[in-house]
There are 2 protein chains.
Amino acid sequence: MNPQNIEKVKEVFSKFLEEKQFRKTPERFAIVDEIYSIKEHFNAQWLYGRMKERNYRVSKATVYNTLDVLLEAKLIRKHHYGDEQQIFYEKSYFDKQHDHIIMMDSGEIIEFCDPRIQTIKQTMEDIFGIEIESHSLYFYAKKKNTSNN
Amino acid sequence: MNPQNIEKVKEVFSKFLEEKQFRKTPERFAIVDEIYSIKEHFNAQWLYGRMKERNYRVSKATVYNTLDVLLEAKLIRKHHYGDEQQIFYEKSYFDKQHDHIIMMDSGEIIEFCDPRIQTIKQTMEDIFGIEIESHSLYFYAKKKNTSNN
DNA sequence: ATCCCTGCAAACGCTTTGCACATGA
DNA sequence: TCATGTGCAAAGCGTTTGCAGGGAT
């Protein structure tokens with residue numbers, strides 16, 4: 001992600017922290033910096049390790065805490081998929097909502113958008129009289145033409 | 001679930017074990033018995049605790065192992081949702097495929113079926129030239145009319 | 001008689017917590 | 001100043017593993 005985009009994200013984050021009366025600590029901004037330099041999905045441990053490696057002085061507690069704050073600020077999204085017990089995150093600012101296809105053989109993750117998911121959501125809201133705040137959708141797939149059938 | 005249905009499930013399981021040349025141990029059938037007497041979603045720990053409570057002599061290792069076998073036999077389904085790090089299961093024989101709405105306030109889980117998910121799946125298979133084996137879809141919702149806005 | 005399956009306990013990996021210190025407001 | 005945020009280490013919790021003994025085939 002290019003530098004002025006990261007600045008934009010930090011600005012949004014800064015405003016969020018102000019509104020919530022949370023403190024603007026250097027650790028929090030350092031973590032945003034790191035996260036927004038990552039393309040793929042990552043988990044808390046991995047992020048912590050990466051920051052240690054790069055000689056940031058952060059603790060696991062702070063990483064976990066900041067991830068929660070960023071989630072609340074909607075600057076990251078949370079994921080659960082496959083057999084993993086762990087939670088993955090991805091940056092979400094500048095991205096449009098999307099869902100994922102998990103390639104079971106390679107582990108590759110494909111993003112996609114399909115408007116029909118919104119129509120299903122709408123139907124469910126009407127049927128059950130509820131308000132759907134979010135959804136998670138994963139397809140688990142294999143490459144075609146493996147010629148084993 | 002009524003007794004003859006459980007018998008039917010055990011029969012299917014028995015056949016599966018034969019085909020795979022897995023052993024028909026009493027523990028495995030005891031676990032099926034338990035699982036098919038549970039309505040809701042459950043996790044491995046909880047199932048283990050429940051069996052202990054009822055004086056079955058099973059170990060955690062066996063519970064986890066059997067859950068994997070039952071998954072392979074498609075007699076249960078696996079779930080991941082919300083903030084839970086843990087894996088939930090539900091019996092799946094006699095049930096048709098369905099997805100879930102998680103009520104965020106009460107924890108209630110609503111099941112639903114919508115054929116449009118299949119059409120989305122089809123589209124993705126065509127676009128990416130893949131074969132989708134399974135999917136997971138959760139909606140996270142709140143009751144309407146809470147009048148707090 | 002095999003060797004798969006089981007029980008038990010210890011190890012694992014990710015996350016959370018407790019506490020003392022540091023620091024943003 | 002002082003409550004919030006941080007670092008560190010230990011604890012928590014669901015799951016997995018290693019190993020010795022047991023039971024299905």
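Chain letters run A, B, ... following the sequence lines, proteins first and then strands; every chain starts at 1.
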Can you measure from CZ (Phe16(A)) to CD (Glu72(A)) and round to the nearest 0.5 angstrom?
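Output value for this atom pair is 4.0 Å.
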Could you grab the distance from atom CD1 of Ile132(B) to atom CD1 of Ile117(B), nearest 0.5 Å is fine?
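Spacing of CD1 (Ile132(B)) from CD1 (Ile117(B)) equals 9.0 Å.
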Side-chain donor-acceptor contacts of residues 4-11 of chain A below 3.5 Å, not counting sequence neighbours, with atom names and distances?
from	atom 1	to	atom 2	distance (Å)
Lys10(A)	NZ	Asp33(A)	OD1	3.4
Lys10(A)	NZ	Asp33(A)	OD2	2.9

Indicate the ring-plane relationship of Tyr81(A) and Phe88(A), choosing parallel, tilted or perpendicular according to the 30° and 60° boundaries.
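Rings of Tyr81(A) and Phe88(A): parallel, under 30°.
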Could you check which residues of residues 35-55 of chain A get a heavy atom under 4.0 Å from DNA chain C? Sort them by number, please.
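Heavy-atom cutoff 4.0 Å gives Ala44(A), Gln45(A).
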Report yes if some heavy atom in the side chain of Phe112(A) is under 4.5 Å from a heavy atom in the side chain of Phe128(B); otherwise report no.
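Yes, their side chains come closer than 4.5 Å.
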Taking the side chain as every heavy atom from C-beta outward, state whether Gln45(B) and Gln86(B) have any pair of such atoms under 4.5 Å apart.
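Contact flag for Gln45(B)/Gln86(B) side chains = no.
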At less than 4.0 Å, is any side-chain N or O atom of Tyr64(A) found next to OP1 or OP2 of dT15(C)? Yes or no.
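Answer yes for this pair, as a side-chain N or O of Tyr64(A) is under 4.0 Å from OP1 or OP2.
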Please check if atom [atom1] in [X] has more than 12 non-hydrogen atoms from other residues, nucleotides or ligands closer than 6.0 Å.
{"X": "Asp83(A)", "atom1": "CG", "value": "no"}
{"X": "Gln21(B)", "atom1": "CD", "value": "no"}
{"X": "Glu18(B)", "atom1": "CD", "value": "yes"}
{"X": "Lys52(A)", "atom1": "NZ", "value": "yes"}

Please work out if Lys24(A) contacts a base, only the sugar-phosphate, or nothing of the nucleic acid, heavy-atom cut-off 4.0 Å.
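Since only primed, P, OP1 and OP2 atoms lie under 4.0 Å of Lys24(A), the category is sugar-phosphate.
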Start with the C-alpha gap between Ile31(B) and Phe13(B), add the side-chain angles, then the distance that decides, and say whether side chain to side chain contact (heavy atoms under 4.5 Å, CB included) holds.
CA-CA 11 Å; Ile31(B) 290 171; Phe13(B) 189 38; over 6 Å; no
Along DNA chain D, 5' to 3', what are the outermost nucleotides having an atom less than 4.0 Å from a heavy atom of chain B?
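Taking any atom under 4.0 Å from a heavy atom of chain B, the span is dG14(D) to dT25(D).
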How close or far is atom C1' of dG13(C) from atom CG of Asp83(A), stated in whole angstroms?
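Answer to the nearest Å: 15 Å.
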In whole Å, I'd like the distance from the CG atom of Asp68(A) to the P atom of dT15(C).
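That distance rounds to 11 Å.
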Would Arg116(A) and Thr123(B) count as a side-chain hydrogen bond (donor to acceptor under 3.5 Å, both in side chains) if you check the C-alpha gap in whole Å, the side-chain angles of each, and the deciding distance to 0.1 Å?
CA-CA 11 Å; Arg116(A) 283 171 291 188; Thr123(B) 304; 2.6 Å; yes
Angle between the end axes of the helix from dA1(C)-dT25(D) to dA25(C)-dT1(D), five pairs per end, to the nearest 10 degrees?
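Axis-to-axis angle, ends of the helix: 30°.
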Scan the side chains in residues 96-103 of chain B for donor-acceptor partners under 3.5 Å anywhere in the protein, sequence neighbours excluded, and list what turns up.
from	atom 1	to	atom 2	distance (Å)
His98(B)	ND1	Lys96(B)	O	2.9
His98(B)	NE2	Glu90(B)	OE1	3.4
His98(B)	NE2	Glu90(B)	OE2	3.1
His98(B)	NE2	His100(B)	NE2	3.2
His98(B)	NE2	Glu111(B)	OE2	3.4
Asp99(B)	OD1	His135(B)	NE2	2.9
Asp99(B)	OD2	His135(B)	NE2	3.2
His100(B)	NE2	His41(B)	NE2	3.3
His100(B)	NE2	Glu90(B)	OE2	3.4

Taking only nitrogen or oxygen atoms into account, show me every contact under 3.5 Å that the protein makes with nucleotides 3-6 of chain C, one pair per line with its distance.
from	atom 1	to	atom 2	distance (Å)
dC3(C)	O2	Arg23(B)	NH2	3.1
dC4(C)	O4'	Arg23(B)	NH1	3.4
dC4(C)	O4'	Arg23(B)	NH2	3.0
dC4(C)	O2	Arg23(B)	NH1	2.6
dC5(C)	OP1	Arg23(B)	N	3.1
dC5(C)	OP1	Arg28(B)	NH1	3.2
dT6(C)	OP1	Thr25(B)	OG1	2.7
dT6(C)	OP2	Asn65(B)	ND2	3.1

